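These notes are about the structure you will find just below.
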Amino acid sequence: MNILGIETSCDETAAAIVKDGREVLSNIINSQIDIHTKYGGVVPEIASRNHLMDLPIVVSQALEEANMTFNDIDAIAVTNGPGLVGALLIGVSYAKGLASTLDIPIIGVNHLEGHISANYITNKELEPPFLCLVVSGGHTNLILVNDYTDLKVLGRSLDDAAGEAYDKIARVIGLGYPGGPKLEKEAESGNPKAIEFPRVLLDKDSFDFSFSGLKSSVLNYVNSSKQKGIEINSHDLAASFQQAILDVLIEKTLRAAKEFNINKVAIAGGVSANKALRKQLTKALDENDIEIYSPEFIYSTDNAAMIAAQGYYDYINGNISDNFLDAVPNLTIE
Ligand code: KG4
Ligand code: ZN
């Protein structure tokens, strides 16, 4: 079954064709990063306008790369939330029009479930049940994947998402947008123990996350250093901030795996591209005989192949949408 995936939830216009949920025949990502960089973050209105212009071209490229025509597509999977409403609406409207013209099914896909399914593309042997740490620009979630379409959220971010914290701190130390990869690079030559930032673990049973206290603490450090005329070592600051985030992510993931007796853990979302996270989490899980799975870097950040992958499992489980499919900016998993 060939599914055309469409993703326009934020600032990537993406289309991909995936066979039977796991075999990527094409994967086109048109990033708007250069356009939004000068504003220091994503401008929703501009994102929508660019999706509108770029989506038909990106879909044509996806067909061309897969050596296919529209007649070879069996269904369309489109992200219908969570995300920026105007951006989502472009993808959903386009997908509905195309599905009705071609007279094929349309499947609305949850963006976070798509991120999790990126793991099926890279790890052909991976099957539920497993635990997944989803860390992106908008979400930090610990999710129990009981089955392909049966997911339970164990914990979520109560304030800033991990990626959001990376982006904000990167901006404060002048690294620019998007902050995650830039801050990771800055941290490589820094000392993660140089500055003691708080690890907010909430109460000991909670799997929820909170990163706003860490963010304030870093801001206070920067401001008070400036006031005292002390020069900031941005490498040490980046490394210490990153370590405070990673310690919390790793502690909670490991504890959840143990508590639910799970021996497979996957990571997903933009922050899962972070090499320090991958290395440290692998070590912690290895020590506890827990297997770790991660997507290839290209499938960690936003793409449409992951949407087509999840769309396939939604389809075979009967979760098929219709022409009333709507964009839901705060779509949840349950
Ligand atoms: O999943 P994603 O592409 O988009 C959302 O659904 O939000 O995630 C984007 C987020 C951004 O906050 C970006 O700074 C972060 O992922 N990110 C990283 C890295 N690469 C991307 N954060 C830390 N380290 C990275 N290497
Ligand atoms: Zn995403």
Side-chain angles (χ1 to χ4, degrees), residues 5-14 16 27 29-33 36-37 40-42 44 47 51 78-84 87-88 91 109-119 132-141 143 156-157 160-173 175-188 190 192 209 211 214-215 238-239 241-246 248-250 266-281 294-307 309-310 329-331 333:
I6 292 176
E7 156 64 38
T8 63
S9 69
C10 192
D11 60 343
E12 262 89 28
T13 315
N27 184 36
I29 305 169
N30 185 56
S31 175
Q32 301 176 10
I33 282 182
H36 297 279
T37 297
V42 179
H51 288 313
V78 60
T79 306
N80 75 313
L84 302 169
L88 290 166
V109 172
N110 181 307
H111 182 80
L112 294 186
E113 294 184 26
H115 271 303
I116 296 171
S117 293
N119 277 285
C132 191
L133 172 69
V134 186
V135 267
S136 72
H139 297 86
T140 309
N141 280 339
I143 297 174
R156 55 170 61 76
S157 161
D160 292 7
E164 200 178 346
Y166 265 94
D167 291 337
K168 283 182 182 164
I169 298 307
R171 193 179 317 145
V172 167
I173 53 178
L175 299 177
Y177 170 86
K182 290 185 173 156
L183 196 141
E184 170 174 30
K185 191 135 205 341
E186 193 79 0
E188 270 165 22
F209 300 91
F211 294 117
L214 168 62
K215 185 187 67 189
F241 159 78
Q242 171 163 277
Q243 197 55 49
I245 292 226
L246 299 192
V248 174
L249 294 177
I250 292 167
I267 52 173
V271 184
S272 75
N274 187 283
K275 293 189 205 73
L277 169 64
R278 289 183 178 218
K279 191 169 162 214
Q280 294 182 30
L281 186 60
S294 51
E296 263 171 78
F297 288 109
I298 188 71
Y299 302 122
S300 289
T301 45
D302 289 350
N303 66 90
M306 68 185 197
I307 302 303
Q310 177 60 32
N330 51 2
L331 186 69
I333 280 188

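In each ligand, atom 1 is the first atom listed, and ligand 1 is the first ligand listed. Since the structure is predicted, the reported quantities are computational estimates derived from the model, not experimental observations.
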- Message: Can you check which of D302, V135, N274 brings a heavy atom nearest to atom 23 (C) of ligand 1?
- Response: N274
- Note on the structure: Closest heavy-atom pair, S136 versus A161, reported as atoms and distance to 0.1 Å, is O-CB, 3.8 Å
- Item | Heteroatom distance test (H111, ligand 1): nitrogen or oxygen, under 3.5 angstrom | yes
- Sequence neighbours excluded, the answer for side chain to side chain contact (heavy atoms under 4.5 Å, CB included) partners of R156 is N141, V153, D208, E334
- Task: Working to the nearest 0.5 Å, report the span between CG of D302 and CD1 of I29.
- Result: 8.5 Å
- Would one find an N or O of S300, backbone or side chain, under 3.5 Å from an N or O of ligand 1? no
- Looking only at N/O atoms, are T301 and ligand 1 under 3.5 Å apart anywhere? no
- ligand 1 N/O within reach of G180 N/O, cut-off under 3.5 Å: yes
- Task: Tell me, with the steps shown, if H111 and L88 meet side chain to side chain contact (heavy atoms under 4.5 Å, CB included).
- Result: CA-CA 10 Å; H111 182 80; L88 290 166; over 6 Å; no
- Message: Checking side chain to side chain contact (heavy atoms under 4.5 Å, CB included) between I307 and each of T79, T8, N110, which is the one that passes?
- Response: T79
- Item | ligand 1 contacted by H115 (non-hydrogen, < 4.0 Å) | yes
- Sort by chain and number the protein N/O/S atoms found under 2.8 Å from the Zn ion (ligand 2). H111 NE2, H115 NE2, D302 OD1
- Message: With a 4.0 Å cut-off on heavy atoms, is K275 in contact with ligand 1?
- Response: no
- Message: Please list, in number order, the atoms of ligand 1 under 4.0 Å from a heavy atom of G163.
- Response: 12 (O)
- Item | Nearest heavy atoms of D167 and G179, plus distance in Å | OD1-N, 2.9 Å
- Item | Option with minimal heavy-atom separation from atom 5 (C) of ligand 1, where the choices are A162, G137, G270 | G137
- Message: Is the shortest side-chain heavy-atom distance between V135 and I267 below 4.5 Å?
- Response: no
- Message: Between E164 and K168, does any side-chain N to carboxylate O distance fall below 4.0 Å?
- Response: yes
- The atoms of ligand 1 lying under 4.0 Å from a heavy atom of E184, numbered in the order shown, are 24 (N), 25 (C), 26 (N)
- Worked verdict on E186 versus Q242 for side-chain hydrogen bond (donor to acceptor under 3.5 Å, both in side chains): CA-CA 10 Å; E186 193 79 0; Q242 171 163 277; over 6 Å; no
- Between N274 and Y166, is a side chain to side chain contact (heavy atoms under 4.5 Å, CB included) present by the stated rule, with each step listed? CA-CA 11 Å; N274 187 283; Y166 265 94; 3.3 Å; yes
- Message: Under 4.0 Å, counting heavy atoms only: does G138 come that close to any atom of ligand 1?
- Response: yes
- Taking the side chain as every heavy atom from C-beta outward, state whether I245 and L214 have any atom pair closer than 4.5 Å. yes
- Look at atom 11 (C) of ligand 1 and find which of D167, L277, V271, L246 reaches it with the closest heavy atom. D167
- Task: Identify the heavy atoms of C10 and A87 that sit nearest to each other, and give their distance.
- Result: O-CB, 4.1 Å
